[in-house]
Structure formats: structure tokens, C-alpha cells
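See structure below.
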Number of protein chains: 2
Amino acid sequence: MKKLSRHTICTEKKCFSAETIRRLSLYLRNLRRFKESKVEIVSSGEISKCSNVSPEQFRRDLSYFGEFGKRGVGYEIERLISELESILGIDRRWRVALVGVGSLGRALLAFEGFSKFNLKIACAFDIDSNKIGKKIYGVKIHSVENLAEVIKANDIEIAIITTLPDVAQQVADKLMGAGIKGILNFAPIALRTSDDVFISNVDMACELESLIFFVDQRRIDKKRRTGKKSEV
Amino acid sequence: MKKLSRHTICTEKKCFSAETIRRLSLYLRNLRRFKESKVEIVSSGEISKCSNVSPEQFRRDLSYFGEFGKRGVGYEIERLISELESILGIDRRWRVALVGVGSLGRALLAFEGFSKFNLKIACAFDIDSNKIGKKIYGVKIHSVENLAEVIKANDIEIAIITTLPDVAQQVADKLMGAGIKGILNFAPIALRTSDDVFISNVDMACELESLIFFVDQRRIDKKRRTGKKSEV
DNA sequence: TAGAGCTTGTGAAAGGATGAACAAAGTGAA
DNA sequence: TTCACTTTGTTCATCCTTTCACAAGCTCTA
């Protein structure tokens, strides 16, 4: 199984990690904001500041894919945006499937931001017969039973799982059987997948728990510093 | 600014990263699943397998906080669960605030899984006067104007941002002013925060774009392997 | 053209995280 | 008790990522 978070890719230039790609995505977003403000040239210092990385990090991340800046000047925003879009693969349209039309699934169907990176939820699946056949935010809900055929007919390669954790593995297996090559998983469970399928987990629980840990830690530290050395 | 994803903490034992804490959260979840299946003892091999990490990784992660296993035997699940809950700080109740009751915010209000880690959304905020004063899924919606006073009155330290990116920074500033110490940010923007506030970003866009990159890459590789060496 | 003043791209060093390997410690059978 | 077997906790070596530092290259002015 490939864990995207630890996955590394080697090009003819060097090896870079999945983390690099996530940062590229972040840079792209900030570049678009600059563009909206009619800025045309930006330096690595400026773009890295609003992305919370060092300028060197930014320059190195780009260096894996080519040379996009002008020494002594900076980066032409228009060009860098289209280069990044091309690198990330969002310069063409992607159609994705969504499985599990619960409250989170519904929220994603309503999310307009997807179009920003050329992405369209082409179809959705659920087991609830009350939902099947209906359209929600313009997306048709199919029965999970027809998953494989609908996905193949629509030539879809990427899917989003927003089911309950109990059935997430089962759904993932079905998706892989239908030829899906990338899964964005919102179910709080570590999915087992075959080697040629990429998984990206969006795990609110992990994020929240680690947040709680750090807030809690800070409180403990504070207590210790103020002298109440009761127990550690 | 502290980036949670890169933040490191030093105890009297050693230094560990925020990644370690995320994994602890994952272990905890899997341990609970084992417990539901009435398993009582588990080895590092078993627990690490379903968490997609190596057994050594699992043992090392625990070693930062103490010795919880028995050599030659394994880990007593019941005990390890309560130890992890204590380490993560979820052995006591946390009340959080949510800002931005859009479709995603609403989905989070409906999410029952929060209670699993002793977390309750105590209040929510929005600017829409149609929502203010109402209760959604049992949570009262306040005006953002009263944010500081409501948060202070409820003694809340953690907040979730589910607003549009345009106003997210503004909301974050208000939250910090009200004494919030941890923010779970769903808005696709890198927030600027003061040093003593922890930020954890749940960034669907980054995850999706990196997923697209890898799926796309795989397709390019495939094309290259099959001989069509047109362009790289 | 020459030179000062930027900013990029990248080797080299430093710093962290992961993996291999093994001592320490528990179990159970003879 | 002794011995074979199992599994943990930890040291040491390796690998990967980030930071440092600087040469290369562009612009503008005189």
C-alpha cells in the first residue's frame, strides 16, 4: 500500500515527497490571490511568507520541476500559475465520484470551490433508496450496486469517500474494482489499498486530537512554569 | 508562527513531532476497534499493521511517553486506551466553538463522532441574521459580533473555522483576541497567528490536488513505459 | 561598458525521522 | 529450574528533508 503522505517520486532531476506537492498546491492558491490583486511579479520571499514556508523551501520545491523565475527579478505570476497547474495536472478537467451522501457528502456536493481546480463531481452513490435517483445540487445519486458500471461509463479515476467508517473499506474495494486510481478518504479509518491506488486521508479526528494535545500541553507547561510543580 | 505540522515538542525524554501525535490518535482509534471485538491483548505488530506503520514506529511513538507494554506479551488494550486518552488530553471534556454555519459547518454540527473524543460544539457563530438566535442540531447560533463575550463566558479554548476564505483571517484574529488557543481551520488559506496559538489545517484542496498529481503522474509513467516517448 | 544591487537556483551541511538489530524481560513447557 | 520462544524498548546507522551559503544571472544607472 502506498501512503501518500510518505510517498516519494523520482524524476530525472531528484526525489521529492508528497509534502512538496501539497506545498505546490498551496503556492498556487496564494499566487491566484496575488493575481486577483493585479500583482504581476512576485519574489520567493513574498510568496513564501504568505505560505508559511522559507524562501529556500519554495525555490527548492520549484527546482524539482524546472526553472520558472528570473534572477534579480522574481517570478512572473501569470506564467507560474499555469506552470503549476500543468505540474499538478489540473490544467485539464477531472470528473470525480462521491460515495456516501450524508451531511458531509452533501456539504461537498454544495462546495463550489472544486471548479477552481477544474474538478467536477460527476456522480454520487448512496444506499438510501430515498436518495437514489434524485439530484442533489445538480448531481445524480446512484445506487452503490451500480457503482462499477456508472464509474466505468463515465471514465472516472478519482473518488471521494464520505461514508461511515464501518463500510469505508468495502466501498474502497468496490471502487478499486471499478478502476479508480485515487481516493480522497474522509472516513476515519486507515484503508487498505493495492499498490497502484493512491489514498489521501482527510482526518478531522486526528487533527482535532493533535490540536487538543498541544493546547493541553501548553496549559501543563504554563502550570509548571508558574511554580505549581505538583506532578509532571 | 507555529505550524502544527512541523511543530516539535521536547519532553524530559526526547523530541517528537506533531506527526507522532497524529499517529497516536490513529492508534487509539484502532485500539478501540480491537476493544469492540473483545480483544484484550495486542502486539505492536498487529496494531501497527492496521495503522499502516511499522511495528518499530509504533513502539517508538509510545516510548516518548513511557513504557506501556509487557515484553514477551504485548499491550493490554484497556490500559493502553486510557493511557493514550490521557496523553492526548481527551480524558476530560472539551468545549469548542464553530464559526461559519455554511454547508460544511452544518455538517460538522451534525457530526456525532465528536463525542467519541470527549468533544462538544458548545456554540456556533455566523453573520447571517436568519440563522442567528436559532438552534441547529441543538447548537445555538450567535452573532459574530458577540464572539468574544460568548467564548469567554463559556471558557472555550478551541475553535473551528468553516467560513469562506475571505473572512477567515479576520475571524482568526477575533478568536485569538477572545483567548482561543487552538484553531482547526477548514478555510483554504494559510492563517497568520501569534506564537502561542496552534493551527491545524484541514485542507481538502491541497489533498485533492496532490491526489490528482499522483494519479496523473501514474498515467504519464504508464504512457512512457508503453513506448510512446513523445514528450516528458 | 562597468559596477552596484537584487533575486534565483543549487551544492553542502545540519537536523530529523525511519529502519535494522539486539539486549532485556516475560511466558510456558519439560 | 532451565531452556526455547516471544515481544518490548532502545541504540546505532541510514535515509530524507530543510537550512545555509554562495555562484550565476538579471536590471538599472552612470
Side-chain angles (χ1 to χ4, degrees), chain A residues 1-24 26-27 31 34 39-49 51-77 79-80 83-84, chain B residues 1-24 26-27 31 39-49 51-77 79-80 83-84 210:
Chain A
M1 185 190 310
K2 255 169 207 157
K3 280 206 308 170
L4 199 51
S5 59
R6 292 283 149 230
H7 191 67
T8 54
I9 291 276
C10 295
T11 64
E12 60 276 13
K13 293 207 75 175
K14 269 199 179 171
C15 287
F16 55 89
S17 71
E19 211 58 38
T20 299
I21 304 301
R22 286 214 188 79
R23 283 193 298 264
L24 290 189
L26 193 60
Y27 304 149
L31 284 166
F34 274 111
V39 184
E40 290 182 359
I41 302 278
V42 78
S43 73
S44 62
E46 291 166 299
I47 187 71
S48 68
K49 198 184 291 175
S51 309
N52 282 337
V53 301
S54 69
E56 298 85 2
Q57 180 80 270
F58 172 77
R59 297 204 299 271
R60 187 171 297 277
D61 284 341
L62 289 186
S63 78
Y64 294 128
F65 301 93
E67 300 193 4
F68 307 111
K70 241 186 203 167
R71 299 177 186 215
V73 183
Y75 300 85
E76 195 197 321
I77 290 186
R79 179 185 164 212
L80 192 50
E83 292 279 8
L84 284 179
Chain B
M1 185 186 313
K2 257 170 204 154
K3 280 207 308 171
L4 200 51
S5 60
R6 291 281 150 233
H7 190 68
T8 54
I9 290 276
C10 295
T11 65
E12 61 278 10
K13 294 206 75 174
K14 269 195 178 172
C15 286
F16 55 90
S17 71
E19 211 57 40
T20 299
I21 304 301
R22 285 214 188 80
R23 283 194 298 264
L24 289 189
L26 193 60
Y27 303 149
L31 285 166
V39 184
E40 290 182 359
I41 303 277
V42 77
S43 72
S44 63
E46 291 167 298
I47 187 72
S48 68
K49 198 183 293 174
S51 309
N52 282 338
V53 300
S54 70
E56 298 85 1
Q57 180 79 270
F58 171 77
R59 297 204 298 272
R60 183 179 305 277
D61 285 341
L62 289 186
S63 78
Y64 293 129
F65 301 93
E67 300 193 4
F68 305 111
K70 240 186 203 165
R71 297 176 186 217
V73 183
Y75 300 86
E76 195 196 323
I77 289 186
R79 181 187 162 211
L80 191 50
E83 292 280 7
L84 284 178
S210 59

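In this structure, I77(A) atom CD1 and dT8(C) atom C1' are separated by 16 Å, rounded to whole Å. F65(A) places its CZ atom 15 Å from the C1' atom of dG9(C), with the value rounded to the nearest Å. Going from atom CZ of F16(A) over to atom P of dT18(D) covers 13 Å, rounded to whole Å. We find that CZ of R79(B) is positioned 13 Å from P of dT8(D), with the value rounded to whole Å. Taking atom CD on Q57(A) and atom C1' on dG16(C), their separation rounds to 14 Å, with Å as the unit. The interatomic distance linking N52(A) (CG) with dT18(D) (C1') rounds to 16 Å, in whole Å. We find that CZ of R22(A) is positioned 12 Å from P of dT18(D), with the value rounded to whole Å. As rounded to whole Å, 13 Å separates atom C1' of dT7(C) from atom CG of L62(A).
Between S63(B) and dG9(D) there is no side-chain polar atom (N or O) within less than 4.0 angstrom of OP1 or OP2. Using a 4.0 Å cut-off, some side-chain N or O of S44(A) falls inside it from OP1 or OP2 of dT8(C). Contact between the side-chain N/O atoms of Y75(B) and the OP1/OP2 oxygens of dG9(D) is found at a separation under 4.0 Å.
For P55(A) against G45(A), the heavy-atom pair with the smallest separation is CG-CA, 4.1 Å.
Note: E83(B) CD to L80(B) CG = 7.5 Å, rounded to the nearest 0.5 Å. Between the CG atom in L24(B) and the CG atom in L62(B) there is a gap of 6.5 Å [rounded to 0.5 Å]. Atom OG in S43(B) sits 15.5 Å away from atom NZ in K70(B) (nearest 0.5 Å).
Residue contacts shown for F58(A) are absent, as no nucleic acid heavy atom lies under 4.0 Å away. Across all strands, T20(A) comes closer than 4.0 Å to no nucleic acid atom at all (heavy-atom distances).
Salt bridge present: E19(B) and R22(B) bring a charged side-chain N and a carboxylate O closer than 4.0 Å. Under the 4.0 Å criterion applied to side-chain N and carboxylate O atoms, R60(A) and E56(A) are not assigned as salt-bridge partners.
Contact check for F16(A) versus I21(A): side-chain heavy atoms found under the 4.5 Å cut-off. Looking only at side-chain heavy atoms (C-beta outward), F68(B) and L84(B) stay at 4.5 Å or farther from each other.
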Listing time: all N or O pairs from protein to nucleotides 28-30 of chain C that are below 3.5 Å?
none

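Across dT8(C), dT10(C), dG9(D), the shortest atom-to-atom separation from the side chain of E67(A) is found for dT10(C).
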Study note, to complete from the structure: Whether each nucleotide of nucleotides 20-30 of chain D has a protein heavy atom under 4.0 Å at its base (B), only at its sugar-phosphate (S) or at neither (-) is summarised, 5' to 3', as BB--BBBS---

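In this structure, F34(A) has its ring center at least 6.0 angstrom away from the ring center of Y75(A).
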